[in-house]
Structure formats: structure tokens, C-alpha cells
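Input: a single structure, listed below in C-alpha cells.
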Amino acid sequence: PAVVGAISVLHEVATSDEPGVTQAELVKSTGLSKSTMHNLLATLEAHDFVRRENNSRNYRLGPALIPLGTEASRQVRLVRSTIDRVAPLAAEYHLSFAVAQVVSDEECRIIERFYPTEDVHVGILIGSSYGPMDGALGKVLLAYMDPAKARRIVKSRKLPAHTDATITSPENLIETVEEAKVRGWAISAGELNQNHAVATGVLGQNGELALLLLALGFPADLDDDRMGEIGQLLAGIAASIMADAGISARSEA
């Protein structure tokens, strides 16, 4: 409740039409009690998330939010740059492409997808989530994870057999993840469903996996040779995105 209250206070201060908000106005707009508001403002002010003007006693946003806003702006620019680069690929390569955002080191979620002009193509839902055992995206998650943790996850869980082609041997899966690290992209040949997929990762400013690029196609459209071609394409695009953002790629990735 305290965190929710603090968020409400910051939101009200940030969206106010006036150059500052009084404690009384914040109590009225948030519905919080006077004592709760007093404690929240004192804590936020002590940590520089808000500052109080001595002459008017109004509260304004504090300097501690500046680096947070800068980092958030970087993330938005990284996502926008990625989407702009991936968008034209579907029409050019006649495959489906998607961008996934990392939710945690064990989960990514599709935030955008692009389809070729052909009426029949592989579909993917925006908002759908994928984990370490889910085809090409899962292999990328494992590849960028701490190696000891990745091995522990693979060996401690029963690997789900999504299809007859799914890798259900822990050692074989670990081997394919290591191959993906060396190659720069991961592949899934009918392992999650009957379609083929290629994926690679994009690092964020903190040096951790932030986004994943994904290509999807029917086996006839995305065979072994073409998966290599598309893998190189996606890896090159990922490197270009990071270079433009001033992000250094990890050597093992």
C-alpha cells in the first residue's frame, strides 16, 4: 500500500497543471489520509523523489527521478529503433517477424509482429509469453542466462515435448544452446510447433538481454539453409541496433 500511495503521489505531482502541488491538494486527489500523506511526502523528499518549495510549500518532482527517466527514455528508444528495423523484413523476406521484450531472465513477451503480404503465413499473438523451454526464443533466453543457472534449469525440469521434434534430452538442449552462443542465433526446426523459427538477442544499456528478434516460417519457406541466412540477418540487425545505441555486445553472445 505504501508503494501504491507513493506512485499515486508522484503521478499527481507529475500531471498537475500547476507548477507544484500542496499536501492538502494531494490528500484530496489521492484520497489518502493527512498522516499517510505527510509520511509519504517526508520519505519521498528525503530520497529526492520530490522537493518542496520553501516559499509556496508546493511539492514538485525531485532530481532523483532524472536518471530513472533517462534510463526509461533509453529503453523506449531501443524498442522503437528495433521495431523500425524489423518492420520492413516481412515484406522483403516473405516471412513473419516479431519483437519480444524480456520480462525476466526466464520469460519474454511478444510486443510487436509483422506479417508478409502473402495471405497464408505463420501467425504469432502480441502479448504471448515464452520461456526457456519454448523453441528458438527459449534457447536465446538460456544463452544469455548465467551458464550455471541455465544448466540448473534445464537439468532440474522435465523438458516438455511440444512436438515429435522437440529436444527432450537436457544434454542435447544444453549443446544446442552452446551452439547458438557461438553462431549468434538460435533455431527451432519444428520443436515448439510445426513451424520453423530463428531468434537472436539485443542487449540493453545495462548489458543484459532486453529484446529478442524472431523470424517464423513454414518448413518449406524456412529450411536449414534459409535459417542460416535469416540468422545472420537478425544477428547483423541486432548488432547494428546496439551499435547505434552505444551498447557493446557480450563476447560470448
Side-chain angles (χ1 to χ4, degrees), residues 67-68 71-72 74-75 78-79 82 86 98-111 124 127-193 195-216 224 227-228 230-243 245-253:
L68 299 181
E71 176 57 28
R74 285 199 191 106
Q75 293 183 29
L78 184 69
V79 171
T82 301
V86 173
V99 177
Q101 187 170 23
V102 173
V103 179
S104 71
D105 61 353
E106 294 189 42
E107 182 185 1
C108 65
R109 186 171 299 145
I110 303 298
I111 59 173
I124 187 168
S128 53
S129 297
Y130 298 87
M133 310 306 171
D134 297 331
L137 290 173
K139 292 175 186 176
V140 175
L141 290 175
L142 290 169
Y144 280 88
M145 200 179 292
D146 174 74
K149 179 177 180 179
R151 179 173 284 273
R152 185 169 61 251
I153 288 175
V154 172
K155 285 188 168 290
S156 65
R157 302 178 186 178
K158 179 177 174 59
L159 304 186
H162 300 292
T163 71
D164 292 340
T166 302
I167 300 173
T168 56
S169 163
E171 288 301 330
N172 288 348
L173 179 56
I174 291 170
E175 183 180 346
T176 60
V177 170
E178 291 301 319
E179 291 173 354
K181 289 182 181 181
V182 174
R183 191 172 48 222
W185 64 87
I187 63 173
S188 172
E191 297 170 32
L192 183 60
N193 47 48
N195 304 309
H196 288 188
V198 184
T200 193
V202 176
L203 301 180
Q205 293 288 344
N206 58 4
E208 296 181 351
L209 184 64
L211 301 169
L212 293 86
L213 312 183
L214 176 69
L216 297 162
D224 290 345
M227 281 195 286
I230 299 300
Q232 290 181 353
L233 170 72
L234 292 183
I237 290 174
S240 178
I241 292 168
M242 291 187 289
I247 301 169
S248 298
R250 298 190 318 190
S251 59
E252 68 269 24

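These values consider heavy atoms only, across backbone and side chains, with no hydrogens, waters or symmetry-generated copies. All of these numbers come straight from a predicted model, not from anything done at the bench.
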**OP:** Mind checking the CD1-CD1 spacing from I167 to I174? Nearest 0.5 Å is all I need.
**Re:** 11.0 Å

Subject >> Closest heavy-atom pair and its distance - S188, K139 >> reply: CA-NZ, 4.5 Å

**OP:** Among I111, V202, V79, find the one that has a side-chain contact (heavy atoms from CB on, under 4.5 Å) with V99.
**Re:** I111

Original post:
Between V102 and E208, is any pair of side-chain heavy atoms under 4.5 Å apart?
Top reply: no

Original post:
Passes side-chain hydrogen bond (donor to acceptor under 3.5 Å, both in side chains), T166 versus E191? Steps please.
Top reply: CA-CA 4 Å; T166 302; E191 297 170 32; over 6 Å; no

Subject >> Distance, nearest 0.5 Å, that separates CD1 of I124 from CG of N193 >> reply: 9.0 Å

Subject >> Salt-bridge contact E106-R152 (side-chain N to carboxylate O under 4.0 Å) >> reply: no

Original post:
With the threshold set at 4.0 Å, does a side-chain nitrogen-carboxylate oxygen contact exist between K149 and D105?
Top reply: yes

Original post:
Between L192 and H162, which heavy-atom pair has the shortest distance, and what is it?
Top reply: O-CB, 3.4 Å

Original post:
Can you name the closest pair of heavy atoms from G204 and I247 and give their distance?
Top reply: O-CG2, 3.5 Å

**OP:** Considering non-hydrogen atoms only, spot the tightest contact between W185 and M227 and give its length.
**Re:** NE1-O, 3.9 Å

Original post:
Above 12 or not: heavy atoms from other molecules or residues under 6.0 Å from CG of D146?
Top reply: yes

Original post:
Are the charged groups of E107 and R109 less than 4.0 angstrom apart, N to O?
Top reply: yes

Original post:
When rounded to the nearest 0.5 angstrom, what distance separates OG in S169 from CG in L159?
Top reply: 7.5 Å

**OP:** Test side-chain contact (heavy atoms from CB on, under 4.5 Å) on M133 and I153 and set out the steps.
**Re:** CA-CA 9 Å; M133 310 306 171; I153 288 175; 3.5 Å; yes

Original post:
Quick check: does any side chain N or O of E178 sit under 3.5 Å from a backbone N or O of A143, one acting as donor and the other as acceptor?
Top reply: no

**OP:** In sequence, state the C-alpha distance, the side-chain angles, and the governing distance for L214 and V198, and then conclude on side-chain contact (heavy atoms from CB on, under 4.5 Å).
**Re:** CA-CA 6 Å; L214 176 69; V198 184; over 6 Å; no

Subject >> Close side-chain approach of Y130 to V140, heavy-atom, < 4.5 Å >> reply: no

Original post:
Between G201 and L209, what is the shortest heavy-atom contact and its length?
Top reply: CA-CD1, 3.6 Å

**OP:** Could you check if a side-chain atom of C108 sits within less than 4.5 angstrom of a side-chain atom of V103, using non-hydrogen atoms only?
**Re:** no

Subject >> Gap separating the CD1 atom of I241 from the CG atom of L211, nearest 0.5 angstrom >> reply: 7.5 Å

**OP:** Check whether any side-chain heavy atom of M242 lies under 4.5 Å from a side-chain heavy atom of L78, and answer yes or no.
**Re:** no

Subject >> Flag side-chain contact, heavy atom, 4.5 Å: N195 against L216 >> reply: no

**OP:** Quick one: pull up CD1 in I187 and CG in D224 and give me the separation to the nearest 0.5 Å.
**Re:** 6.5 Å

Subject >> Contact summary for L142 and P132, nearest pair of heavy atoms >> reply: CD1-O, 3.4 Å

Subject >> Carboxylate-amine/guanidinium contact E171 R151, below 4.0 Å >> reply: yes

